[in-house]
Amino acid sequence: MVTRLVLVLGDQLTPTVAALSAADRERDVVVMAEVMEEATYVPHHPKKIALFFAAMRKFAARLEAEGWRVLYTRLDDPGNAGSIPAELLRRAEETGAREVIATEPGEWRLIARLQGLPLKVHMHEDDRFIASRAEFEAWAEGRKQLRMEWFYREMRRKTGLLMEGDEPAGGKWNYDHDNRKPASHDLFRTPPLSFDPDPVVEEVLDLVEARFPDNFGTLRPFRFATDAEGAERALAHFLGHHLADFGTYQDAMLRADRYLNHAVISAYLNMGLLDPLDVCRRAEAEWRAGRAPLNSVEGFIRQIIGWREYVRGIYFLEGPDYPTRNALGHDRRLPPLYWGAPTKMACLFHAVGQTREEAYAHHIQRLMVTGNFALLAGLDPGEVHEWYLSVYWDAIEWVEAPNTVGMSQFADGGVVGSKPYVSSGAYIDRMSDYCRGCAYDVKAKTGQGACPFNLLYWHFLDRHRRRFEANPRMAQMYRTWDRMDAERRRTVLADADAFLDRMDAGEPV
Ligand code: FAD
Ligand code: DLZ
Ligand code: SF4
């Protein structure tokens, strides 16, 4: 029987991934490749490139140890054809294979590239999710609004997680009202597990350093896990040290504590080093054993079987044009401060600085600092999307785009969110310690020293009045704006325009 090629991509590092499950170890050959096309379609953070390459190398070694024949291409191999399709063609010629067994990629871009191959491609659905694409489509069918909360309840019922018969554990589906408290410095809060680079990782770090010297982001120190065993240790560390307070401090931000009680496992889940259902069952077990309270465990499980599954459903339901949507017509260029240029805004300085050093920021930093500012300032959502896809260790388009284009920028016109996530500086002040020591005054509402979020918040509401004033969830905001006297409103808008002009002119703001 003729050999077939079994494609394993950098985010498909699961021994039971669909393509491997469908293949025959005796007959088929696994193809894995570090290629410039994947490493450069956006300017990825160097830590992200290193994470993918190192994890791919270790996974290939594991497959070989388990008896697979693996054709692995390193980035600097002389024959490297440069892209996944070109590598498949090269390997097909080498082996005489005419067929490819693949697991559907998590980006429309690469799905289209594989479909264009002059080989027979058997594309298997990626079944490492709780809801299949068909299941999500069936859920979405005929609904006017695709709200995450309703989908999440379906997933609770389907998995039985935190269920007591047909009822949610504790009597409520959602314990968010117990969550979202600000945090203060806690010297006893342990940081996430840190992994010393082994020789495989060191070799990859040298490669990335040499080949991607100008990408935004610091490569070293590199502390991520790069295999399933390390990811498992990172998970156990989170369950033992952080889960209990996860919910309470989920939305808090601190300058000196970049991780707080977050799990720091998103990339491991997205690459297939951890299994989402297993992670949730383990978290549930902590609650059942009395080691973590329900508000935290429910909040954590909701992020995974709710948000994570939901955004994937949306990405595939909405189609390949989703990342290019721009419902609010925003077209301002991304200012250099997103790439580390000086800014006087302490919150952006810390969120971007942390992103540059860690390739990690937690959800509220992404949503309410960098995302909030982008939306208020009217930045081009396509550029914002590319930025998020580039700079985070966990960014693959199926999860990044609905979060950025949908949840954060409202550029999908309200598919993901029922209202835009916008706030003035008061929210950031309440949830963080950024405002203390900022060059701007979070309490000032007008004038050059006023917090830019305060100015831009009203500017945003005013310029999108026609779209949002009838939205019942925004009526109160418009009432507050309308109650301000006309002169003050003119001053706020003029100050906001002046701020945007300074930013557009390239002045540090
Ligand atoms: P925790 O806060 O500890 O949460 C636990 C897990 O829940 C995460 O590991 C993740 O798998 C899941 N999760 C939490 N929130 C979400 C969410 N909104 N969507 C999907 N899964 C979620 N997440 C990515 O995995 N990749 C991305 O590219 C990405 N881009 C984002 C862009 C924007 C603008 C925003 C607002 C959010 C984005 N997120 C993305 C979601 C979220 O910010 C990250 O999943 C989270 O910060 C990862 O850190 P953690 O593992 O410590 O998560
Ligand atoms: C993110 C990434 C990077 C940086 N490099 C590679 C690579 O060289 N080879 C590979 O197979 N995968 C890589 N990946 C992950 C892919 O970009 C990811 O599989 C697609 O975006 C589809 O989800
Ligand atoms: Fe950010 Fe405004 Fe606070 Fe400064 S004052 S840190 S700009 S929210």
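Heads up: numbering here begins at 1 and tracks the sequence. Quick note: numbers below take in every heavy atom, side chains included, and nothing from hydrogens, waters or symmetry partners. One-based numbering, in listed order, for ligands and for the atoms of each.
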Side chain, backbone, both or neither: the part of Leu9 lying under 4.0 Å from ligand 2 by heavy atom = both
May I ask whether Tyr268 has any heavy atom positioned less than 4.0 angstrom from an atom of ligand 1?
-> no
Are there more than 12 heavy atoms of other residues, nucleotides or ligands under 6.0 Å from atom OH of Tyr440?
-> yes
Between Arg189 and Tyr249, is NZ or CZ placed under 6.0 angstrom from the six-membered ring centre and within 45° of the ring axis?
-> yes
Give the residue and atom name of whichever protein heavy atom lies nearest to atom 8 (O) of ligand 2, and the separation in Å to one decimal.
-> Val35 N, 2.9 Å
Among non-hydrogen protein atoms, atom 14 (N) of ligand 2 lies closest to Phe52 CD2, 3.7 Å
Note the single closest protein heavy atom to atom 11 (O) of ligand 1, along with its residue, its atom name and the distance in Å.
-> Leu269 CD1, 3.3 Å
Sorted by chain and residue number, which protein N/O/S atoms are under 2.8 Å from atom 2 (Fe) of ligand 3?
-> Cys451 SG
Gly106, any N or O under 3.5 Å of ligand 2 N or O = yes
When distances are taken from atom 2 (O) of ligand 1, the protein heavy atom at minimum range is His262 ND1, 2.7 Å
Salt-bridge present (Asp412, Arg325; N to O < 4.0 Å) = no
Atom 9 (N) of ligand 2: nearest protein contact (heavy atom, Å) | Ala33 O, 2.8 Å
Any Phe53 heavy atom less than 4.0 Å to ligand 2 = yes
Quick one: look up the protein heavy atom nearest atom 12 (C) of ligand 1 and list residue, atom name and how far away it is.
-> Gln303 O, 3.7 Å
Note: heavy atom closest to atom 49 (O) of ligand 1, options Tyr421, Trp387, Phe238, Tyr360, belongs to Tyr360
In this structure, are over 12 heavy atoms from other groups packed under 6.0 Å from Glu125 atom CD?
-> yes
Min over His363, Met368, Met148 of heavy-atom distance to atom 43 (O) of ligand 1 lands on His363
Within-shell test, Tyr392 vs ligand 1, heavy atom, strictly < 4.0 Å | no
min-distance protein heavy atom vs atom 27 (C) of ligand 1 -> Asp394 OD1, 3.4 Å
Assess whether atom NZ of Lys419 is packed by more than 12 heavy atoms of other residues, nucleotides or ligands within 6.0 Å.
-> yes
For atom 45 (O) of ligand 1, closest protein heavy-atom neighbour | Ser266 CB, 3.9 Å
Return the orientation label for the Trp339 and Trp387 ring planes: parallel under 30°, perpendicular over 60°, tilted otherwise.
-> perpendicular
With respect to Asn295, which candidate in Asn179, Asp178, Asp245 satisfies the side chain to side chain donor-acceptor pair (under 3.5 Å) definition?
-> Asn179
Which heavy atom of the protein is the closest neighbour of atom 18 (N) of ligand 1, given with residue, atom name and distance?
-> Asn403 OD1, 2.9 Å
Of the protein's non-hydrogen atoms, which lies at the shortest distance from atom 23 (N) of ligand 1, and what is that distance?
-> Val399 CG2, 3.7 Å
Touching ligand 2 at all, Met56? Heavy atoms, strictly under 4.0 Å?
-> yes
Would you call Glu149-Arg147 a salt bridge at under 4.0 Å N-O?
-> no
Among all protein heavy atoms, pick out the one at the shortest distance from atom 19 (O) of ligand 2; state its residue, atom name and that distance to 0.1 Å.
-> Asp11 OD1, 2.6 Å
Which one holds for Ile84 and ligand 2: side chain close, backbone close, both close, or neither close, with close meaning a heavy atom under 4.0 Å?
-> side chain
Looking only at heavy atoms of Pro276, does any of them come nearer than 4.0 Å to an atom of ligand 1?
-> no
Using a 4.0 Å heavy-atom cut-off, say whether Arg109 meets ligand 2 through its side chain, its backbone, both or neither.
-> side chain
If you compare Pro192, Ala374, Ala263 by their heavy atoms, the one closest to atom 3 (O) of ligand 1 turns out to be Ala263
By number and element, which atoms of ligand 2 are closer than 4.0 Å to a non-hydrogen atom of Tyr41?
-> 17 (O), 21 (O)
re atom 17 (O) of ligand 2, the protein heavy-atom contact at minimum distance is Glu38 OE1, 2.7 Å
Have a look at Tyr360 and tell me which of Tyr259, Tyr392, Phe224 forms a ring pair (Phe, Tyr, Trp, His ring centres under 6.0 Å) with it.
-> Tyr259
Sort and list the pairs that fulfil ring-ring contact (aromatic ring centres under 6.0 Å, His included) and have at least one residue in residues 396-434, not counting sequence neighbours.
-> Phe129-Trp398, His350-Tyr434, Phe410-Phe468
Distance from atom 29 (C) of ligand 1 to nearest protein heavy atom, with residue and atom = Arg366 NH1, 3.3 Å
Please write down residue, atom name and distance for the protein heavy atom closest to atom 10 (C) of ligand 2.
-> Gly10 N, 3.5 Å
